Structure formats: C-alpha cells, structure tokens
Amino acid sequence: MTKQAKEAFDAKRFLQSLTHQPGVYRMYDASGDIIYVGKAKDLRKRVGSYFRSQVDSPKTQTLVKQICTIEVTVTNTEAEALILENNFIKKYRPRYNVLLRDDKSYPYILVSDHQHPRLAFHRGTRREKGRYFGPFPNGVAVRNSLRLLQKLFPVRQCEDSYYRARSRPCLQYQLKRCLAPCVKGYCSDDEYNEQVELAKRFLEGKNQEVIEQLVGKMEQASAALDFERAARFRDQIGALRQVQERNAVTGNQQELDVIGYARQGGIAAVHLLFVRDGAVQGSRSYFPKVPANTEDAEVLLAFLLQFYLNDQVERRLPREIILPEQNAANVLDPEQELKALEQALAQKIRMTHNVRGERKQYQVLAQKNAMNALDSKANQASTMMMRVRALEQELDFGRPITRMECFDISHTMGQETVASCVVFDQQGPKKSDYRRYNIKGITPGDDYAAMAQALQRRFDPLKHGKVDAAPMPDILFIDGGKGQLSQAEDYFADWPTESAKAAPLLVGVAKGESRKPGLETLILAGSHATIPLAADAPALHLVQHIRDESHRFAITGHRQRRAKVRRTSRLEDIPGIGAKRRQRLLQNLGGLQQVKQASIEQLAAVPGVSHELAETIYHAFRDE
C-alpha cells in the first residue's frame, strides 16, 4: 500500500501548480485521514522540501511514504498560517504532529435522551443517545457555556447516579438552577421538558425565538395571576437579554461562515472559511457540477441551499454568512434571496458582502483560497485530459475515450472475497459509479472464478438490455496477467454482435516479475501483445492511477466485510436463532465458548429454546 500510495501521488505535478504564498498544508494517507499539518511562508518551497532526493530525517521519510494527497489553505501572512495550523492540529490531531496529551478531541454539550434530560460535557465517541451541540474549541468554552446555561435554564446537570439517589431537592433547586425533576411533586414533566426545549433552541442560536416564547409565557402567567411563575420568566428574559448584549455564546462576532467564489473555464470553486469563537476553525473547497450557460447567481444560491440544508450532517448554522465582494450584486442579491433561504433554514441569518475590519480580512482570505483552489483544479483537469490523449495514442484507439473501468479482486487466504469496479472518465475518478461485488459460491482463493462472477454481475444487465444498466466502458482494465484477462475474453466471446453496446477493449495490467511500480505492462486481449510503457509516460501514470484506485477500493471493501464477520456471532447463522434467543443463550450459559461446549440438555434448559432447537444448535457447532 505504501508504494502504491506514493506512486498515486504525483509530487512533481502537484508542486508545479502550487502557489508561493504563505499558508497551511494538510497531508492525507490512503484511507483519507490527515497525517500531518504544517505551515509555510512559501508553500511551494516548504512542501517541495519533503520530496527532495535526499531526506535525512527518518520521520520525514516515513511520512512521505504514506502521503496520498495534499490540500492547502492560503493565508495572508505567515502569522495567520501559524494560528490556522494550530487550529487544524487541535481539530484533526494528525499522527505526525506534536500533540498535547490533554486535548484528545473536540468537546460537545450533550442533551441526553432521558425522561428528564440533562445537560452534560461530552468528549469522545458518541455512544450515549441524545443531541450533541458543538464542537467547541476547548473544554473551558464548554464549561463556561454550561455554567451560563445553568443560570438561564433550570435543567439538571448532575450525573445519573446522583439523580437517581435523591430523596429531596439539592442545593441547585434552592439556587433556582434546577426544577428538581428527581423528586416527585416539584415540577411536572411538561414544565421540565419545556425548559429543555428552550435550552436546545438557545444552543442552536435561536436566542430571539427563546425570548419571545418566554415573554408569551410570562404574559400568560400574569393573566392567570400566577405572579411567582411570571417573575421567574421575567428573570429568565432579563438574563437572556444580558447574554445577547455581551455576546457570550452565539453572538455575530463569534460565529460566521465566509464564502469565496471563483469560476473559469467551466469550473466553479466555492471556498468556505468556518469562523467560530473569533478564530478560523477550518476551511474547505467545493467544486459543484455546473451545467453550461448557468449564471453565477444560480450556482452560488444552489450551493448555499444544498450545503446548509444537508440533513445527513447535523450542522450548526452560523449567525452570519459573508458573501464574495467582487460583483456581489450579480452573484447573489441578499435582499431578494435571503427570505427564501431563511424560510428553508427556519432560522434568521444575516447575509452581507459589504464588510470592514476583521470581516474584510476573512472575506479577502476566502476569495484568495477560492482562486487558489480553482487554479489547482484546472491544472488537474488539463493533466487528466493530457493523460487520456496519451493513452489513446498508445492503444491506437480510433475515437475519444469517454469511460474506463478497472476490476480487481481482494481476499485474505480466500476468505471474504470482494471484487471492485472503479470508473474513470476524462475528468478523473467517477466515484458515484464505483461498485463492489461480494463474491460467493466459489472455491476459496480462486481469483479466476471470482473475476468471472464479477464480470457477469456487472455486464449481464447490459447483455439483456436492461434500461437502468450502467453504460458500457470504452476500455476495461483487468488488474492481473493473462489468466485474469482470459476470464474477460471468455465472457465477451459470445457478446451479441447486434447489441447496441459494443464490447469494450480489454486490457490486462501486469505488474512485472519484480512487481515494482513503474514496470507495469499492458496486455491486449486476443493477440496478448504487450505494450511496455516508459516510467515517465503520461499514459502509464493514468493506468497506475486507475489500477491503484481499484486496488484501494477492493481492499477497503474486503476489510469492511472481514470486520463485519468478526462482529457477527456464529449463533446468528443457525436457523431459528434471532437476537433475543442468542442473548438468552449467552446470558444463561456464560458466553459463546460455553454454548459450544454445552450438551443438548443444557441448551434445552435455556428459556425459549426447545429440544429440537437445542439439537440443531448442538450439531451446528459439532459440524464446523
């Protein structure tokens, strides 16, 4: 994997398009994890130093071997790069950076999913059910926010063990910081849950909505002559207004998204800076697919809606969005479009492009990163087109190549075999068309049979004329030698000539005797003629990219399938054993090993297990 990841990342090509401006660079490994974050006064010189012919540091040598891709964020000054580097290191905790041991992950505020929910500090894996708010930049910010929430909303923050052991209200009730749901008779469930919902809305940044609701409740209590309750609401409203004035949790100064936008040659780049608590917490570039003749206003508005209305990501919406300055009136009219966006988001968000001071600096920074991202993307697209044209010449292909596919097989000692199919077009990887096939019913370790089954499952729908079948590729690469290639030849030998989709050109990719990257040979179907390519040939770089991507995709699928098998109990494969019976067997007999060693009588003594089922379980383990 190390050599393939190194080959897949073309350092020379990446450095050619890299800017000399200051900024921060993030290095990723083959699994997509950030392994190193660094800052530079000159990005090209600093990143280029990692790929010199002679590198003395063993740490740097190990790091470079694992690099699969690099992303950069341009800054105005080296000082800004230093601050941003620190933020990224705290957030991503890369493997090869120096890390503080007491800052393991971002903290959150948890609103638990109990009958009487609690507000709590949370850091780490989200195992507990409930609603998570954050992330916060550090633990101090969370604890300060919890202390503030305790003054505003009388919701418990005690541990469950303390809550269950109470027979009378604690001091927090006397201080009017909790409604004492732990003791019956002090508050109703509706009254308590009402305060919990108000706290949630406050954490979402809907301060004004919370104040309006409290004003309404205060007026209702006053009309009902419940002046004590009205006074409590009055005090809550006063505390909330003070918080809003001094901007303690979710003020406009602390929370905004800054958007940079650039477009050229059919490619649009949108760069987002995420500013939280007065600092840049992260940034990312997006490249939306833009149909021809689409106005910039439509592109940016579509991005805003799709980004902020993504239900799959529990994204905390900002209080303010800063738009690009240049031609802002033509890109997006805030007055015209803001109402529709606010209605869709169900939250009032300030949107502006005319800014000064610190906001202006953020705006310029986002625009600079958008331009840098656009230049890099355009350079990658032109390089990809050049490599496709070079492959057309090497294969003497009579027409433009629009779609390429590659198959690979992955397994461990023949177990949990997975076949991958990756797709490339003239723009590069087309990941939406990637497919994996779990191979079953073959002799373990028979790669030829696995390849034959994968080809059938991929191309049989096309052979039978199914409308929803994936399109036929121009070239089909087979990762392997002549044996693997022969499986594809056998499959397409009887391909119907009257079919509207002609069979693809079949090409085997052999790694050579030493199996070293750079020595790959292409094998043409039929004649089995070989096409050796020079190590610096653009066509070879394209083939290596496709082959390595299919290999990575197959290995990832195989590892996932293998992990799933490890998590699955052998009991679940026995007919008649569901989740409840499995749990009873394990609880009553003490574990899986005890179940395997149990007699039929011991198994039948478990509640819910008949004598016939006990015999089935007994013989299932003896027949393994």
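Start at 1 with the first residue, then count along the sequence. The model shown is predicted, which means the values in this text are computed figures rather than measured ones.
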Regarding [X] and [Y], is there a side-chain donor-to-acceptor distance under 3.5 Å anywhere?
| X | Y | answer |
| --- | --- | --- |
| Gln426 | Arg403 | no |
| Tyr491 | Asp460 | yes |
| Thr402 | Asp425 | no |
| His558 | Gln415 | no |
| Arg547 | Ser550 | no |

Residue pair Ile34, Phe88: steps toward the side-chain contact (heavy atoms from CB on, under 4.5 Å) verdict
CA-CA 10 Å; Ile34 296 179; Phe88 281 143; over 6 Å; no
Would Asp446 and Thr417 satisfy side-chain contact (heavy atoms from CB on, under 4.5 Å), going step by step from the backbone distance to the final call?
CA-CA 9 Å; Asp446 189 346; Thr417 304; over 6 Å; no
Would Tyr28 and Tyr36 count as a side-chain hydrogen bond (donor to acceptor under 3.5 Å, both in side chains) if you check the C-alpha gap in whole Å, the side-chain angles of each, and the deciding distance to 0.1 Å?
CA-CA 7 Å; Tyr28 294 77; Tyr36 187 77; over 6 Å; no
Gap separating the CD1 atom of Ile409 from the OH atom of Tyr437, nearest 0.5 angstrom:
11.0 Å
Run Arg458 and Glu405 through salt bridge (charged side-chain N to carboxylate O under 4.0 Å, His left out) and show every step you take.
CA-CA 11 Å; Arg458 162 64 181 93; Glu405 295 186 11; 2.7 Å; yes
How about Phe51 and Phe14: are their ring centres within less than 6.0 Å of each other?
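For Phe51 and Phe14, the ring centres are not under 6.0 Å apart.
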Establish, yes or no, whether a centroid distance under 6.0 Å links the rings of His271 and Tyr261.
no
Does [Y] offer a backbone N or O that forms a donor-acceptor pair with the side chain of [X] under 3.5 Å?
| X | Y | answer |
| --- | --- | --- |
| Arg26 | Val72 | no |
| Gln21 | Asp42 | no |
| Gln363 | Leu323 | yes |
| Arg13 | Thr383 | no |
| Asn369 | Leu365 | yes |
| Arg552 | Ala30 | no |

Let me see the working for Ser49 and Arg46 under side-chain hydrogen bond (donor to acceptor under 3.5 Å, both in side chains), right down to the final yes or no.
CA-CA 5 Å; Ser49 67; Arg46 182 69 185 95; 2.7 Å; yes
Should Arg95 and Asp33 count as an ion pair when the cut-off is N to O under 4.0 Å?
no
Taking Asp494 first and then Lys463, would you say they form a salt bridge - that is, a charged N and a carboxylate O separated by under 4.0 Å?
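Salt bridge flag = yes for Lys463 with Asp494.
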